[in-house]
Every structure is written in C-alpha cells, then in structure tokens.
Colleague: 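A single structure is presented below for examination.
All ligand and atom numbering here is 1-based and tracks the order in the structure.
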Amino acid sequence: MPDGPNETIFGAILRGEIPSDKVYEDDLVYAFRDINPAAPTHILVIPKKYVVNCMDCGEEDKEMLGHLMVTAAKIAKDEGLEGYRFVINNGGVAGQTVFHLHAHIIGGRDLSWPPG
Ligand code: AMP
C-alpha cells in the first residue's frame, strides 16, 4: 500500500486541484469522464483510497473493490448502456498509465474481443 502522498493525476483530481467531468461520487469512489474517450461512453471509477492497482490491494480492500464494481454497473445503467466493458489495467505491461487504481466503463458501441 502506498504510504506517501498521491502524486498521480487522479490524486490531483480527487483533491480538486485539476478539473474533471464528474459523473458520480460517494464516500468510497469518484467517477468522471475519460479525457480521451475510447467509445461514446468512457467513464473512469476510482477509489478515494490511494492504491496503485488491484495487485496493491489486500483483504482490507474487498469492500472498496466490490463497491467499485457495483457502482460501475449502476453508472452504466444510468448512462443508458445495454452493456459495457469493465476494464482495470494492472501494471504498465497491461497498459496502465496512471498509477492510481481505476476501472474503465466503456460502452455505447460494439466492442471486439479479445482486446489488444
Ligand atoms: P490506463 O491506461 O488504464 O492507466 O488509463 C488511464 C486513462 O486515464 C486513459 O484512458 C486516459 O485517457 C485517462 N486520463 C488521463 N488523464 C486524465 C484526466 N485528467 N481526466 C480524465 N481522464 C484522464
């Protein structure tokens, strides 16, 4: 678990230091629109707790991780999506570029499988 300050861009968003297009917020998570959308709907859901990715999580994070997934589904329904891709890139080799855990909600178009 990181003990230092959250120097990522998502840490700055959570602190209100840089703007974001907020979609949803509660005690555990914050959701906002991706600045470079990969589909008509592309929303990021992040925990307010600073963890790097799922590999940085432990037993104590089960509630937050479950909440992240349930909240993403609610947001997708609120957005009117009939389905969506829920993606978490864990580590640079998997495409993670911002090192604060975030789940992508991607939808609004047909999505191919497998991903790249
Ligand atoms: P990942 O590659 O899984 O780490 O995803 C990082 C995502 O964050 C990318 O889809 C970026 O477009 C998005 N992103 C980066 N900076 C911002 C920002 N300031 N506001 C919204 N989305 C951002």
Colleague: Distance to 0.1 Å, residue and atom name: give those for the protein heavy atom nearest to atom 4 (O) of ligand 1.
Modeller: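 Checked against all protein heavy atoms, atom 4 (O) of ligand 1 sits closest to Thr97 N, 2.6 Å.
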Colleague: So which heavy atom in the protein is nearest atom 2 (O) of ligand 1, and how far is it from that ligand atom?
Modeller: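 Closest protein heavy atom to atom 2 (O) of ligand 1: Gly95 O, 2.8 Å.
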Colleague: Looking at Gly58, is its backbone amide N or carbonyl O close enough to the side chain of Asp61 to form a donor-acceptor pair, meaning the two atoms are under 3.5 Å apart?
Modeller: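 Yes, because the side chain of Asp61 sits within donor-acceptor range (under 3.5 Å) of the backbone of Gly58.
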Colleague: Which atoms from ligand 1 have a heavy atom of Gln96 less than 4.0 Å away?
Modeller: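 With Gln96 as reference, the close atoms of ligand 1 come out as 4 (O).
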Colleague: Please identify which atoms of ligand 1 are closer than 4.0 Å to at least one heavy atom of Arg33.
Modeller: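 In order of numbering, the contacting atoms are 21 (C).
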Colleague: Purely on distance, is any nitrogen or oxygen of Ile9 under 3.5 Å from one on ligand 1?
Modeller: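 No, no N or O pair falls under 3.5 Å.
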Colleague: Side chain, backbone, both or neither: which part of Val87 comes within less than 4.0 Å of ligand 1 when only heavy atoms are counted?
Modeller: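 The answer is neither; Val87 stays 4.0 Å or more away.
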Colleague: Could you tell me if any non-hydrogen atom of Ser20 lies under 4.0 Å from any atom of ligand 1?
Modeller: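 It does not; every heavy atom stays at 4.0 Å or beyond.
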Colleague: Is atom NZ of Lys77 surrounded by more than 12 heavy atoms (other residues, nucleotides or ligands) closer than 6.0 Å?
Modeller: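 No, because the 6.0 Å sphere around NZ of Lys77 holds 12 heavy atoms or fewer from other groups.
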Colleague: A quick test of your reading: do over 12 heavy atoms of other residues, nucleotides or ligands sit less than 6.0 Å from CD of Glu63?
Modeller: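 No, not enclosed.
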Colleague: May I ask you to check whether Tyr50 and Phe99 place their ring centres under 6.0 Å from each other?
Modeller: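 Phe99 vs Tyr50: aromatic centres not under 6.0 Å.
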Colleague: For the CZ atom of Phe32 and the NE2 atom of His102, what is their distance to the nearest 0.5 Å?
Modeller: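 It is 8.0 Å, given to the nearest 0.5 Å.
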Colleague: Look at the side chain of Arg109 and the backbone N and O of Ala38, then say whether any donor-acceptor pair between them is shorter than 3.5 Å.
Modeller: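 Looks like yes, one N/O pair under 3.5 Å.
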Colleague: Should you measure from each heavy atom of Asn36, which atoms of ligand 1 turn up under 4.0 Å away?
Modeller: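 Those of ligand 1 that fall under 4.0 Å from Asn36 are 12 (O).
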Colleague: Show me which atoms of ligand 1 lie under 4.0 Å from any heavy atom of Leu44.
Modeller: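 Numbered from 1, ligand 1 contributes 8 (O), 13 (C), 22 (N).
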Colleague: Keeping the roles fixed (side chain from Gln96, backbone from Leu101), state whether a donor-acceptor pair exists under 3.5 Å.
Modeller: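 It does not hold such a pair.
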Colleague: Among all the protein's non-hydrogen atoms, which is closest to atom 7 (C) of ligand 1, and how far away is it?
Modeller: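 Of every protein heavy atom, Asp34 OD2, 3.5 Å lies nearest to atom 7 (C) of ligand 1.
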Colleague: With heavy atoms only and a cut-off of under 4.0 Å, state how His102 meets ligand 1: side chain, backbone, both or neither.
Modeller: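 It is the side chain that gets close, since no backbone atom is under 4.0 Å.
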Colleague: Determine yes or no for a side-chain-to-main-chain donor-acceptor pair under 3.5 angstrom, with His100 supplying the side chain and Pro47 the backbone.
Modeller: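 Yes, His100 side chain to Pro47 backbone: donor-acceptor pair under 3.5 Å.
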Colleague: So, the side chain of Arg15 versus the backbone of Asn6: is there a donor-acceptor pair under 3.5 Å, distance only?
Modeller: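 Indeed, once roles are kept as given, a pair shorter than 3.5 Å links the two residues.
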Colleague: At what distance is the nearest protein heavy atom to atom 14 (N) of ligand 1, and which residue and atom is it?
Modeller: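 Heavy-atom neighbour on the protein nearest atom 14 (N) of ligand 1: Ile35 CG2, 3.9 Å.
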Colleague: So for Phe32, does at least one of its heavy atoms come nearer than 4.0 angstrom to any atom of ligand 1?
Modeller: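 True for this residue.
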Colleague: Among all protein heavy atoms, pick the one closest to atom 8 (O) of ligand 1 and tell me residue, atom and distance.
Modeller: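 Going atom by atom, the protein heavy atom closest to atom 8 (O) of ligand 1 ends up being Phe10 CZ, 3.4 Å.
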